[in-house]
Asks: 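One structure follows; several queries about it will come next.
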There are 2 protein chains.
Amino acid sequence: MSGQSNQEKLWEKLEEARERVIRAIATNIDLYGVPSSIGRLYGTMYFHDEPMTLDEMSDALGMSKTSMSTGVRSLLDIKMVQKTYRKGVRKDLYIVEEDWYQSFFHLFSSKWGRAIQHNEKEISLAKQQIEDIYQQAEDEELKETLSRDLAKLEHALEYYTWLKKLVKAFETGEIFEFIPKPSSRNP
Amino acid sequence: MSGQSNQEKLWEKLEEARERVIRAIATNIDLYGVPSSIGRLYGTMYFHDEPMTLDEMSDALGMSKTSMSTGVRSLLDIKMVQKTYRKGVRKDLYIVEEDWYQSFFHLFSSKWGRAIQHNEKEISLAKQQIEDIYQQAEDEELKETLSRDLAKLEHALEYYTWLKKLVKAFETGEIFEFIPKPSSRNP
DNA sequence: ATGTTCGTACAGAATTTATTTTACAAACTG
DNA sequence: CAGTTTGTAAAATAAATTCTGTACGAACAT
């Protein structure tokens, strides 16, 4: 009755196993600030061993080509996907960045790095302003409040200094000196 | 013409400086998966040196008390805010967790930790499934595909093992052995 | 040129997420 | 006990995000 051969069923089972992984990726990719549907796109590309075109993605996910275009772009932004070229192929081709360490580190240097830089700047400015106010303050209560705020901002700046060092340790790979990669068979 | 004393203007200037910081926090708190308006709530509490009630928050932000209730809850979830008590006060009181290192580390052990655990489990299951398929596979092309997928999943599992170690180094504070806190005047 | 194909900008539709309003249960007050 | 106050659930509304369809310019092909 079954119209499929044994081997065909195995291919189907492989699809099921892949689907399990894709679902897991899609569920948690929001940590990278990417919508789940685009996580699914990433997962699909992850198992697709050839570079994919926007049309192929559109077919594979049943979504519009426009969505694939913007989706791929956001994956490119966080370097989870790369553009490739191939002789005589006119369409844009994309492959996933398979090294998940790199993706993780890049997330930090981009999203977190930008936030750190911005907040550090703003907090420094605020600190400056508060120091200026302190110069002119006479009211004792005001002066106390200003001191408390300064202490907070100094703590915050220290924290950002530390975070920057962490991000740098990611970027340079120095973090592996402290937390080595689990050695696979082939170091 | 100005109805304010010099000192009153200084208080206003302080508000401006604080507003600068609050805005910076609100802008970037999405990295913690929290909406910007609730980041503003956090910032407000950060500078409010006394514990706050939901009604005070509501007044301070011009938002509904219900929003404050759910907002505070999400900040509690990620341990950026704590509940406190005070003799003879009936209302719930909340203060911010001022140690930003702790907040950062907690983000990892909660949000990232949960994601790691989930993905690791699903990927292990998928790997198992694929190994089972491999046993039954005869088609050479299928077998090659299965091998490639297995290699990918093994790499992924290694990555998660490493990530777990990183999270643990955060949780235990061991990370400071590698990246020491910038020493303030008072160690 | 002329006609295709390809990628994306843009405007609107669909969906999801945030916020408020209303309502109510639990804990207190007198 | 009747009357408040407090926090939150649930439903309704508002706002933001994601997705789609159309349209168009750029690159290529003939």
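Protein chains get the first letters and strands the later ones, always in sequence-line order, with residue 1 at the start of each. In this text the structure is predicted, and so the values were computed from the model without any measurement.
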Asks: Output the rounded distance in Å from CG (B:Asp30) to P (C:dA18).
Replies: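 Roughly 11 Å, once rounded to whole Å.
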
Asks: Report, one pair per line, the protein and nucleotides 19-24 of chain D atoms (nitrogen or oxygen only) whose separation is under 3.5 Å.
Replies:
| from | atom 1 | to | atom 2 | distance (Å) |
| --- | --- | --- | --- | --- |
| D:dC19 | OP1 | A:Ser37 | OG | 2.5 |
| D:dC19 | OP2 | A:Ser37 | OG | 3.2 |
| D:dT20 | OP2 | A:Ser64 | N | 3.0 |
| D:dT20 | OP2 | A:Ser64 | OG | 3.2 |
| D:dT20 | OP2 | A:Ser67 | OG | 2.7 |
| D:dG21 | O6 | A:Thr66 | OG1 | 3.2 |

Asks: So do A:Thr44 and A:Met57 actually touch side chain to side chain, heavy atoms under 4.5 Å?
Replies: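 Side chain of A:Met57 against side chain of A:Thr44, heavy atoms only: no contact under 4.5 Å found.
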
Asks: Can you measure A:Ile29 atom CD1 to D:dT18 atom P for me and round it to whole angstrom units?
Replies: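 So the CD1-P distance, A:Ile29 to D:dT18, works out to 13 Å.
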
Asks: Is B:Arg20 salt-bridged to B:Glu16, going by a charged N under 4.0 Å from an acidic O?
Replies: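 Not counted as a salt bridge, because no side-chain N and carboxylate O are separated by less than 4.0 Å.
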
Asks: Rounded to whole Å, please give me the gap between NZ in B:Lys91 and P in C:dA27.
Replies: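 B:Lys91 atom NZ is separated from C:dA27 atom P by 18 Å.
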
Asks: Strictly below 4.0 Å: does A:Arg90 bring a side-chain N or O up to OP1 or OP2 of D:dA26?
Replies: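 Result: no.
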
Asks: Below 4.5 Å, heavy atoms only, C-beta onward: do A:Val21 and A:Phe47 meet side chain to side chain?
Replies: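 A side-chain contact exists here, since the closest heavy-atom pair is under 4.5 Å.
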
Asks: Quick one: is the NZ or CZ of B:Lys181 closer than 6.0 Å to the six-membered ring centre of B:Phe176, and within 45° of its axis?
Replies: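 Cation-pi check for B:Lys181 and B:Phe176: passes.
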
Asks: What closest approach, in Å, do A:Ser58 and A:Met63 show between heavy atoms, and which atom pair accounts for it?
Replies: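 The pair with the smallest heavy-atom distance is OG-O, 2.5 Å.
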
Asks: Check whether the ring centres of A:Trp112 and B:Tyr32 lie less than 6.0 Å apart, and answer yes or no.
Replies: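 Centroid separation for A:Trp112 and B:Tyr32: below 6.0 Å.
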
Asks: Just the rounded figure in Å: distance from P of D:dA27 to CG of A:Leu54.
Replies: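 To the nearest whole Å, that distance equals 17 Å.
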
